[in-house]
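Starting off with a structure, shown below.
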Protein chains: 2
Amino acid sequence: MSFDPVSRFRRFSRAVTSEVGALDTSFLGRGRPLGAARVLNAIGHGRSDVAEIRDYLALDSGLMSRLLRGLEEEDLIATAPHPGDARRRVARLTPAGQQEFQAYEDLSNARAEALLARHPKPEALLAAMDLVASALGRDRLALREMDPRGPEARHCLSEYYAELARRFERGFDVSLSRDPEASDMIRPRGVFLVGLSDGMPLGCVGLKGSGGEVAEIKRLWVSPAARGLGLARQLMEAAEQAARALSIQVLRLDTNSALPEALQLYRRSGWTEIERFNDDPYPDLFFEKRL
Amino acid sequence: MSFDPVSRFRRFSRAVTSEVGALDTSFLGRGRPLGAARVLNAIGHGRSDVAEIRDYLALDSGLMSRLLRGLEEEDLIATAPHPGDARRRVARLTPAGQQEFQAYEDLSNARAEALLARHPKPEALLAAMDLVASALGRDRLALREMDPRGPEARHCLSEYYAELARRFERGFDVSLSRDPEASDMIRPRGVFLVGLSDGMPLGCVGLKGSGGEVAEIKRLWVSPAARGLGLARQLMEAAEQAARALSIQVLRLDTNSALPEALQLYRRSGWTEIERFNDDPYPDLFFEKRL
DNA sequence: AAATTTATCTGACTTAAGTCAGATAAAATG
DNA sequence: CATTTTATCTGACTTAAGTCAGATAAATTT
């Protein structure tokens, strides 16, 4: 019926290989071997721990050591013993290194912008890229507790509201809903968890507590790019675990029948339907789970 | 509103870089440097001309020469002077080389299959990959005249019919439509053009002639992955050029108001609406263009 | 406190990759 | 037919990348 999946995949591989190769060669334009450029970029992106960088770039310890020394001689980085463990070393950029790192960033950004600019539907291209990146980087998905007012959380929440607005027949207006206080989703009352893949937020869940034995699950959302990968289940499990750690004994949530994937998840993971427990105009289904 | 486009693009780059790197290292498992493996693969994929391979892989002529000699010593390839131009050389796989090439193919295919298998929606992932590959490989898009009965053409046509079935309220049944004879779309009566990006058919158009001065444009289709890139216009221009070369003076086509993108293209490129000229049940709009 | 493990460094390699200036021979051009 | 251009090859390099066996010093374990 359609062209063979494996050849479609491999056509994709060829296309990105040449793109990746082109970026690599553009990096060589700054008169530094690729290995050194990669280490500099890893440090610039916030990886300070030498062992972590070595692991991330899959370098031999000897090679890593020499690359670091080379960057030090160029006065682009400075290394120091790890404050807590003097066997380890940490690296950071010097002002000159910061500048050089920025030059590499500019190269990457310019490539990205050029490619996006020449595409007729950048948003569709980006959505496709998100999906592919999530599929390839599935194992790099990590859950992190974050401030619900931070940029990652705000991104998730605004996508969540936009999705509700699309899904609900009557639309969705946050101001009519019972928007939880951020402080109710921060320890010690609750938590806010974000699923991150390589820095990009792909899903979230909030645990809204009041200090008592009952807490509510709020704002469960998974990006379209990551659906089907089991992120929602992971988020819910992590939220339950956090609830137990906060000595919460009963979890509740409200939801809407226009969100069948979520309903299925709740029913399959031990939640039972209960009577309406609030007067929020949007939900029409209510669940409870005893921990 | 959403996470910055450039960082989404760059997250994608990081994800595919590590995937590409992993494939490269898996290639090293066969005890041959990557450069030699790449040359062997290029030959296996049908690139016989040495200059073409050198250009494709961006290799220095000296390096290329040594890699070829190495593969010859391993008895994986045989080279010979180009039959038409004795300065050039052509390379082909020996039976041993064929076998070795197949081993590399198996590695690539296994990776592709594994990745697709573990994804919950392989068709969505593939569609995203097609879109990205088309965006990145835009400049590699080439039009080729092909047999309308060949596999590429058949792929395009079946996608075309499937799309009509989705778009038309009453569906679409090829057998009710006036399906052109393949021989009417082959020289000297007509042509069939396919837009290929790195081997994958992304669009097509047929010129159906009868040997006379009037011919019809049929089966204009562009894959969703390639829409907006101007492929339809390219195909139509190439079809008109082919028509002129066949001394055709008037082009006609029938279409349907459920296909607004096509209508817009026709109106913008010099076609004028005319009276119905056939009794096919599907079209409701008819156009003509004098060359 | 001694033994072991861990993180990094050093030196002495090997191999791959890439560069460059001719050499050679077969077209193509004037 | 002489000259120029083109495609490939050869040899003599340089540089980058990767490997491996210790050395060193700071945790960690016993």
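Numbered from 1 within each chain, the chains take letters A, B, ... in sequence-line order. This one's a predicted model, so the numbers in the text were calculated from it and none came from an experiment.
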Using a 4.0 Å heavy-atom cut-off, does B:Arg66 contact any base of the nucleic acid, only the sugar-phosphate backbone, or nothing at all? base

Where the side chain of A:Leu63 is concerned, which of D:dT8, D:dC9, D:dA17 is the nearest nucleotide? D:dA17

Could you give the CE-to-P distance, from B:Met64 to C:dA17, as a whole number of Å? 14 Å

Got a second to check how far B:Gln234's CD is from B:Leu143's CG, nearest 0.5 Å?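 Answer for the CD-CG pair, B:Gln234 versus B:Leu143, is 5.5 Å.
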
The answer to which of B:Thr79 and A:Pro33 contacts DNA chain D further toward the 5' end, by nearest nucleotide, is B:Thr79

Let me know the distance between CD of A:Glu52 and P of C:dT8, rounded to the nearest Å.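 Going from A:Glu52 (CD) to C:dT8 (P), I get 11 Å.
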
Rounded to the nearest angstrom, tell me the gap between atom CG in A:Leu57 and atom P in C:dT8. 13 Å

Are side-chain N/O atoms of A:Arg32 and A:Tyr104 paired as donor and acceptor at under 3.5 Å?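 Yes, because at least one side-chain N or O of A:Arg32 sits under 3.5 Å from a partner of the opposite role on A:Tyr104.
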
Return the nearest nucleotide to the side chain of B:Ser65; candidates are C:dC9, C:dA17, D:dC9.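 My answer, after comparing the listed nucleotides, is D:dC9.
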
Please check if atom CD in A:Glu52 has more than 12 non-hydrogen atoms from other residues, nucleotides or ligands closer than 6.0 Å. yes

Taking atom CZ as the centre, does A:Arg30 end up with more than 12 heavy-atom neighbours from other residues, nucleotides or ligands that are less than 6.0 angstrom away? yes

Calculate the interatomic distance between B:Arg38 atom CZ and C:dA16 atom C1'; express it in whole Å. 12 Å

D:dT8 phosphate, OP1 or OP2, under 4.0 Å from B:Arg54 side-chain N/O: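 Answer is yes, contact under 4.0 Å.
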
Whole-Å gap separating C1' (D:dA17) and CG (A:Leu59):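 For the pair A:Leu59 CG and D:dA17 C1', the rounded distance is 10 Å.
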
Nearest-Å distance for atom pair CZ/C1', residues A:Arg88 and D:dA26: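 Whole-Å distance recorded here is 12 Å.
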
Just how far, in rounded Å, is C1' of C:dG11 from CG of A:Asp60?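 So the two atoms are 13 Å apart, to the nearest Å.
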
Send over the distance from A:Leu28 CG to C:dG18 C1', rounded to a whole Å.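 Going from CG in A:Leu28 over to C1' in C:dG18 covers 11 Å.
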
Nearest-nucleotide pick for A:Leu68, side chain only, options being D:dC9, C:dT10, C:dC9: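 Between D:dC9, C:dT10, C:dC9, the one nearest the side chain of A:Leu68 would be C:dC9.
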
Pairwise distance CE(A:Met129) to CG(A:Leu116) - rounded to 0.5 angstrom: 6.5 Å

For A:Ile248 and A:Leu291, which heavy atoms make the closest approach, and how far apart are they? O-CD1, 3.5 Å

Strictly under 3.5 Å: I want the nitrogen or oxygen pairs between protein and nucleotides 22-30 of chain C, one per line.
residue : atom : partner : partner atom : Å
C:dA27  : OP1  : B:Ala86 : N            : 3.0

Of the candidate nucleotides C:dA17, C:dT8, C:dC9, which contains the atom at the shortest distance from the side chain of A:Ala51?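 The nucleotide sitting nearest to the side chain is C:dT8.
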
Neighbour count >12 (heavy atoms, 6.0 Å) for atom CD, B:Gln102: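 Result for CD/B:Gln102: enclosed.
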
